Amino acid sequence: MKPDPQKLFKVLYGAYGPQHWWPAKSMEAMMVGVILVQNTAWTQAAKVVDSLDANNCLSWQALRDIDDETLWQWLRPAGYFRVKSRRIKALAHFMASYSDSVTELFTLETADLRNQLLKVNGVGKESADSIICYGAGRHVFVVDTYTRRLFTRLGWVDEKIGYDELQHLVHSNIVKAKKPGGIEIFNEFHALIVRHAKEHCHKRPSCNKCPVKFCLKVGI
Ligand code: SF4
């Protein structure tokens, strides 16, 4: 089947409506959340973000200064707490070179911004693009496991497709227009795919009432 991400977007948006991503109170919370959510559910990551906030540790300076043991304790609910602690500290040190200012960081042109973010320990393509899409508000589509799974099931790609290739497929097949309501389409599209993976397209999919009627598995 010929890939039609635009059609998929319309169907998912019609089924689930706006998702209001990224669900964070501040840019620091959003960027730290991007690390915390790696290999864990957002509910767990969000608890840790709230706990950092409650302990006045959601500034880049505080994250650089805090001792490892205390940070591990707060990060524990998000799993892989030692690794994530290292990564969050690396991100905080990275931000020091931009005067701890996301405004300054986001003056970088998109490709440069991505390259700089990818140099930070623990920031891979998905994390970098999440920051660029949801933080900087650029037209960048975030690819994740759910996207790969859904696009494979739709017969659009091979499951081994690379990150950049899958991202390019979406970038080149979707109109860079604004959806009704004015939120950028790539922002909403990724959030809708995550929602769809949670509602229907699980590891073991519930295809019976799936809204993606053009999927061959619907109704099975
Ligand atoms: S029909 Fe099944 S496999 Fe296809 S998109 Fe829906 S839930 Fe996923």
Side-chain angles (χ1 to χ4, degrees), residues 1-24 30 33-47 78-80 114 124-135 137-220:
M1 193 191 299
K2 189 176 179 305
D4 192 346
Q6 186 83 39
K7 182 173 169 185
L8 178 63
F9 172 80
K10 280 186 189 158
V11 168
L12 296 180
Y13 189 75
Y16 305 118
Q19 299 300 299
H20 306 293
W21 275 37
W22 187 283
M30 183 264 151
V34 163
I35 302 292
L36 289 171
V37 79
Q38 293 171 349
N39 301 305
T40 196
W42 172 249
T43 46
Q44 293 306 106
K47 273 186 208 163
Y80 306 97
R114 192 174 198 246
K125 291 176 179 177
E126 183 182 337
S127 299
D129 288 339
S130 295
I131 292 170
I132 296 167
C133 176
Y134 293 99
R138 309 277 174 85
H139 279 297
V140 168
F141 179 71
V142 179
V143 175
D144 67 352
T145 309
Y146 299 139
T147 315
R148 188 171 278 105
R149 186 162 78 198
L150 175 58
F151 280 34
T152 302
R153 286 173 175 173
L154 291 171
W156 289 356
V157 300
D158 183 276
E159 65 182 338
K160 293 200 173 81
I161 188 170
Y163 185 103
D164 292 334
E165 201 183 339
L166 184 40
Q167 185 183 55
H168 178 71
L169 186 149
V170 174
H171 283 182
S172 56
N173 280 283
I174 210 156
V175 178
K176 287 184 180 179
K178 294 186 176 188
K179 72 162 183 62
I183 299 173
E184 303 298 338
I185 198 165
F186 291 145
N187 169 324
E188 197 66 61
F189 196 20
H190 172 67
L192 284 165
I193 288 171
V194 172
R195 173 76 184 273
H196 182 57
K198 293 186 190 311
E199 298 277 343
H200 292 282
C201 212
H202 317 118
K203 261 188 189 167
R204 294 179 64 186
S206 313
C207 303
N208 226 355
K209 293 183 179 165
C210 176
V212 187
K213 305 291 182 207
F214 58 85
C215 181
L216 298 179
K217 295 180 192 292
V218 81
I220 292 174

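As the structure lists them, so they are numbered: ligands from 1, and atoms in each ligand from 1. All figures in this text were calculated on a predicted structure; none of them were measured in a lab.
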Classify the angle between the aromatic ring planes of [X] and [Y] as parallel (below 30°), tilted (30 to 60°) or perpendicular (above 60°).
X     : Y      : value
Tyr16 : His200 : tilted
Trp22 : Trp42  : perpendicular
Tyr13 : Phe9   : parallel

Should you measure from each heavy atom of [X], which atoms of ligand 1 turn up under 4.0 Å away?
X      : result
Leu150 : 5 (S)
His200 : 7 (S)
His196 : 5 (S), 6 (Fe)

Looking at side-chain heavy atoms only, is the closest gap between Val140 and Gln167 below 4.5 Å?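 Val140 reaches Gln167 side chain to side chain.
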Using 2.8 Å as the threshold, say whether any N, O or S atom from Cys207 sits that close to atom 6 (Fe) of ligand 1.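 Looking at Cys207, which is the residue asked about, there is no N, O or S atom under 2.8 Å from atom 6 (Fe) of ligand 1.
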Heavy-atom count around His168 NE2 within 6.0 Å, excluding the residue itself: above 12?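 No - once you tally the heavy atoms of other residues, nucleotides and ligands closer than 6.0 Å, there are 12 at most.
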Please determine whether Cys201 has a backbone or side-chain N, O or S atom lying under 2.8 Å from atom 8 (Fe) of ligand 1.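 For Cys201, the answer is yes, given that an N, O or S atom comes within less than 2.8 Å of atom 8 (Fe) of ligand 1.
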Check: Tyr146 ring centre within less than 6.0 Å of His190 ring centre: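 Centroid separation for Tyr146 and His190: 6.0 Å or greater.
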Metal site atom 2 (Fe) of ligand 1: N/O/S of Cys215 inside 2.8 Å: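 No - counting backbone and side chain alike, Cys215 has no N, O or S atom under 2.8 Å.
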Taking 4.0 Å as the limit for heavy-atom contacts, which would you say applies to Leu154 with ligand 1: side chain only, backbone only, both, or neither?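 Contact part for Leu154 vs ligand 1: neither.
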Under 4.0 Å, counting heavy atoms only: does Arg149 come that close to any atom of ligand 1?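 It does not; every heavy atom stays at 4.0 Å or beyond.
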